[in-house]
Amino acid sequence: MSGVIAGRHYRSGLPVEVSITDGVIAKIVTLEENPLTLDWPWLAPGLVDLQVNGGWGLDLNTLPLRPETVSELSRRLLARGVTAYCPTLITNRAEALAQALSVIAEAMRTQPNAAGLIAGIHLEGPFLSPEDGPRGAHPREHICPPDWESFCRWQEAAEGQIRIITVSPEWPDAAAFISRCSASGVRVSIGHTAASPEQIREAVAAGAVMSTHLGNGTHLTLPRHPHYLWEQLAADELYGCMIADGCHLPDSLLKVILRMKRSRAILVSDAVSLSGMAPGAYRLHIGGDVVLTAEGRLHLAGNPQLLAGSAMMLADQVAYLAEAGLAPLEEALDCASVHPARLLGLSQAGGLTAGAPADLISFRRNGGAMDIQTVWKNGRIHAADKD
């Protein structure tokens, strides 16, 4: 697609015209301010979400999964400004994971909405900690040690589309598993872990590159100094993913992650099927009985201290960081676009620059919220979600 998009550059604040040729940004021209440009909306890179379990009642982890479910979720995410994402499967039976992985791969081949939007699959489990706290809402009966043969079977079912796997390095031989994944091109993320600092360091040396929702999926009480959170924060090699919904992490910890990780700080929605739904009590296929509060906090019904995923989409988390004064808007946007794209090696890592894909959003500030006006994927306009 070709054409010209006008707006205010999200970093400079200046009016710009972005020329698109064959779905790629050909050039960006900065204009003189005039009465017409004063009311132009902001223009920013499209959002990249590395962890999406579902939304609007659509659940990637409820079987049997259908390609149409993946397609509809993709369509709704695009309407909310997400121009690339990783559908995320959590711990389940081996055959259930294989079925869901094969359906997502099928959707990428056959469903237009999903084909260009899915950047790869995030497999969150089952190689996680079995301990209460770090395990979170993952079913204990399916937690198991890292196993290369099992992973290869899942990767075959996924037609090679698993791009991220979350692993706890507390298991014996976890470092060897991480090394094999890394060598195969799969990004290994540390998460849902009770690992010692030494095991965290071994995982990083073996090729782990990310921390899954850092600060969540942990014990309620930790030793003062030697523990897995400090070790991951201190590891410059690790990208730090965070959920900024006002529920998962206190603002003080969000500020620490932003300062420690800088260009490796990433926002993820961790959105589950109840995102976009009314408050109330629900029963999930995986996770069991949960409660979604009016404030947007989603927790296990039997233990309100344990969260069961996020009910806030990525654009709203960008707005939360900016409104809380934790990061300037342009930096919050980079955490949800440029940084995750760089982790996956996507061309979207170029952001709003010449040569990058024309994956863009325009938006206005509505109080503390981001009111998305228009979404472009490869230069093609898609309707924004006004629900």
Side-chain angles (χ1 to χ4, degrees), residues 50-53 60-67 70 84-111 114-115 118-130 134-136 138-193 195 199-200 202-212 217 237-239 241 286 340 343-346:
L50 302 184
Q51 194 169 357
V52 181
N53 306 278
L60 297 175
N61 290 280
T62 295
L63 299 180
L65 182 62
R66 290 161 44 86
V70 181
Y85 81 104
C86 292
T88 302
L89 300 179
I90 72 167
T91 303
N92 205 336
R93 294 175 291 110
E95 59 272 23
L97 287 174
Q99 192 271 338
L101 288 164
S102 66
V103 170
I104 295 172
E106 179 185 352
M108 294 175 70
R109 281 189 286 104
T110 64
Q111 302 291 315
I118 295 177
I121 300 169
H122 183 166
L123 184 58
E124 189 186 358
F127 309 139
L128 310 177
S129 176
R135 181 171 50 84
H138 290 249
R140 185 198 301 270
E141 64 268 26
H142 301 311
I143 296 289
C144 58
D147 181 79
W148 180 249
E149 286 70 28
S150 295
F151 174 75
C152 288
R153 287 193 292 270
W154 290 326
Q155 185 67 293
E156 183 179 3
E159 301 177 17
Q161 294 296 340
I162 299 174
R163 297 286 300 277
I164 302 173
I165 183 169
T166 294
V167 175
S168 171
E170 68 197 72
W171 297 97
D173 301 322
F177 176 82
I178 291 169
S179 179
R180 296 187 79 171
C181 286
S182 180
S184 73
V186 176
R187 273 66 167 175
V188 178
S189 187
I190 298 170
H192 289 282
T193 185
Q199 290 168 328
I200 297 292
E202 289 174 0
V204 174
V209 295
M210 191 174 93
S211 296
T212 295
E237 302 91 336
L238 294 176
Y239 283 77
C241 294
I286 298 176
L343 170 75
L344 281 184
L346 304 178

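Side chains included, hydrogens not; waters and symmetry mates left out as well; all remaining heavy atoms used.
For the pair P130/W171, a side-chain contact is recorded, criterion being any heavy-atom separation below 4.5 Å from C-beta on. Within the 4.5 Å cutoff, no side-chain heavy atoms of T166 are placed close to those of T88. With a 4.5 Å cut-off on side-chain heavy atoms, L65 and Q99 count as touching. Side-chain contact between P169 and E202: absent, with no pair of heavy atoms (C-beta onward) separated by less than 4.5 Å. Between P139 and R93 the shortest side-chain heavy-atom distance does not fall below 4.5 Å. Q155 is listed as a side-chain neighbour of V186, based on a closest heavy-atom distance under 4.5 Å. Annotation: side chain of I165 is in contact with side chain of V188 (closest heavy-atom distance under 4.5 Å).
For P87 against I118, the heavy-atom pair with the smallest separation is CD-CG2, 3.5 Å.
The main-chain N or O of I121 is never found under 3.5 Å from a side-chain atom of Q161 such that the two would form a donor-acceptor pair. Listed for the T212 side chain is no donor-acceptor partner under 3.5 Å among the backbone atoms of S189. The closest donor-acceptor contact from the side chain of H122 to the backbone of L50 lies under 3.5 Å. Under a 3.5 Å cut-off, the side chain of R163 and the backbone N or O of L344 do form a donor-acceptor pair. Under the 3.5 Å distance criterion, the side-chain polar atoms of W148 are left unmatched by any main-chain donor or acceptor of C181. Looking at S182, its side chain never comes within 3.5 Å of a backbone N or O of I178 through a donor-acceptor pair.
For E156, there are no salt bridge (charged side-chain N to carboxylate O under 4.0 Å, His left out) partners two or more places apart in sequence or in a different chain. With sequence neighbours left out, E159 forms a salt bridge (charged side-chain N to carboxylate O under 4.0 Å, His left out) with R109. Residues that satisfy the salt bridge (charged side-chain N to carboxylate O under 4.0 Å, His left out) test with R140, not counting sequence neighbours, are D132.
Note: F177 and F127 have perpendicular aromatic rings, judged against thresholds of 30 and 60 degrees for the angle between ring planes.
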